[in-house]
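Worksheet: one structure, shown below.
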Amino acid sequence: MTPARQSEVIELPSDCSLRNLGSLRDRLCNVAADVRTITLDLRRVDRFDTATLQLIAAYCRDRAARGARVLTFGSRPAWDEAAALLGLTTALAGGT
Amino acid sequence: MTIDLSQFHDAFFDESFEALDAMEAALLQLDAGSPDPEMINTIFRAAHSIKGGSATFGFGEIASFTHSLETLLGELRDRRISVTQRISDALLKSVDVMRELLLSAKGKQPISMKFVTDLQSEIELMIEQRETLDAPAPVLGTVAATAPADAVEWDIALRPGPDFFAQGIDPLRIFRELAALGALEVTAHLDALPDCRTLEPARCYLRWSLRLLSPAPEAVVREIIAWVNADCTVTRAGHAAAAHPAPVVPAVQAGSAAEAGSIRVGVEKIDELINIVGELVITHAMLNQTSRGVTGPVGDALRSGMQQLERNMRQLQESVLRTRMLPISVVFSRFPRMVRDLAQRLEKQIELRIVGETTELDKTVLEKIGDPLVHLVRNCVDHGVEKSALRAAAGKEATGTVILKASHRGGNVVIEVSDDGGGLDPERILAKARAAGLVGPHETLAPEQIQELIFAPGLSTAETTTDVSGRGVGMDVVRRNIADLGGKIEVHSERGHGSHFVITLPLTLAIVDGLSLAVGDQTYIVPMTSTIESLRLTPSQVTCIADGREVFGFRDEYLPIVRLYKTFGLTPRTRVLHEGLVVVVEGAGRRIGLFVDDLLSQQQVVIKSLETNYGRVPGVSAATILGDGSVALILDVVDLIRIASLREAA
């Protein structure tokens, strides 16, 4: 029996704007359901928009509902500012 | 009720292209380093207007691109980023991209998005770099510390439709602008957000409630969200939402022409009006002729009334024709950009001076004169003005000058294109013309005749062929296009001092100033712009050459005589040259003498298309109706010269 993986890191691409979100969604959803901690590596992210944060908010909420945590790594001021401006700070931290 | 927005598309495109022209003109005047704030505002407003309209009408790619551009412009306007050459170039490229996007949307044609996204990324990077260098403190959901005492609390509810993102609208930017006005508290509603696996990334599932505490005037708050194509309400906190619904007005309508005291009218409506006025002028001329036969007090009263009517008619005709007139700046406005780009590419320093851009010209003439002018200006930049080192060696200013000038002269518009470059090289032109067989090996030509050779088909005098000009086609086409408009082009050039092209065009294509000629029982009209002189020949002036062709001496050259009665198969009053008159006419750089029975008068006539109403007739460009109701044909001088040349060649 394969033991459950405790954590996984997903590196977000530099261009996370609307046109690239389909593949990002698929990558996020392909993370095994039993992974307890998912870390989103934001270090390469140059471009993102509200649609990006909407997707991540939905992902954080879904994972939180399964008892998993979604963390971010390499957080950038622009990302935090956007989350605050859109009222999504709590949602992106796994809350609702 | 659903409104079909496609009915507003034409107005949107027209206004967007105008906004782009204004934007481009302002960008060209923008000084890197010390930009005029009002100029940046003009550019910002133009971009804002296009963004609003494109979002409203569902042109998402345009809205998205323009949004990025507007953000950069906002940074420039607020002096958070300085105008550099790189930014100035990117902004000018943006105008090109937006023009392409608009043309693509208008023509419903696909467009390669790579050059759009590349530039958009570059713009975003410029904004981002500013943010990285000078990153603002994270904006929290609530910013309340600095709200002044006179601040007003606004409740804003934003309920976007599912295609909000696809339209290129990003709430992030809107909220950022609102946050700049004061303390902003944002609550996102995620209740409609589906499971991540079924979430469509381009679809907007979120709603927002915002509370803004700001001293900003209501209009400023509303302006920020005015272009948002979504269900959005703005209310003062504590007031009922229904009392102040947010105006979701497309920018293209908000800046409506009505405010500027003008309306848009289709060209076909104006043309119909011009046609009716033309008919009225003809009817008036016929009545006038009839009234001459009425005697006594009734006749006097009738003639007095006819005179008054004629004055009113003239005013009406002029007023109606004026509605088709547009300032030549419509065409001239493309040149500052073109000269700037070409000069950069050719590594030359060139200043373009534009004079008389408010000179008005008929819309059709304007549309058709653009290409010939582009050719001339391009030649001036490419082959006329020298590089700085060469100019310095010749004792000239390092920066060359190209002048584009328009003015009214008599009943015509004169457009001049000149440069202070090297001028035409007569020796090289003559050598090329001899090599091309256009001039005989021992034939001698006057300096003006040599300069005229540049309009000969297939002759290029450029030292090198570049991708800008000098392919040996063009100047003959330029002359032909101008002749088709009833105009003419002349060149004057001095070696080492530059070239000067003078284009003379009629003010309108609806009427023509003409000389009426009698041939047999028919009347013909020859445009005054083509007429040089009329004279009665003596037998000694005429020389018969081979095949019975006749020529006569006129100002140091021999001109062929074209007997119009032969051309049109008529029976003349006389076949004897010295009993009739010869009218010297010019077209496409050549002259001929038209033999006619008599000259009748000089008059303005209303042009009627012969091709539309009958068919193409060689040597004839159009028709008109005279005061007695008879039809007179308007001569196509260039075509008559072509026919005469064919006979010569045969």
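The sequence lines fix the lettering, A, B, ..., with proteins before strands; numbering per chain opens at 1.
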Review point. Would you say the side chains of Q120(B) and S64(B) form a donor-acceptor pair under 3.5 Å?
Key: yes

Point to revise | Max heavy-atom pair count under 4.5 Å with chain A, selected residue of L193(B), L199(B), D195(B) | key: L193(B)

Point to revise | Under 4.5 Å from a heavy atom of chain B, the part of D62(A) involved | key: side chain

Study note, to complete from the structure: Pair count under 4.5 Å, heavy atoms only, with chain B: among D49(A), T50(A), L21(A), I56(A), highest is T50(A)

Exercise for review: State whether the side chain of D170(B) and the backbone N or O of R173(B) hold a donor-acceptor pair below 3.5 Å, judged by distance alone.
Suggested key: no

Check your understanding: Have D155(B) and T235(B) got a donor and an acceptor in their side chains that come within less than 3.5 Å?
Key -> no

Check your understanding: For R203(B), what residues pass the side chain to side chain contact (heavy atoms under 4.5 Å, CB included) criterion, not counting sequence neighbours?
Key -> P162(B), E200(B), Y205(B)

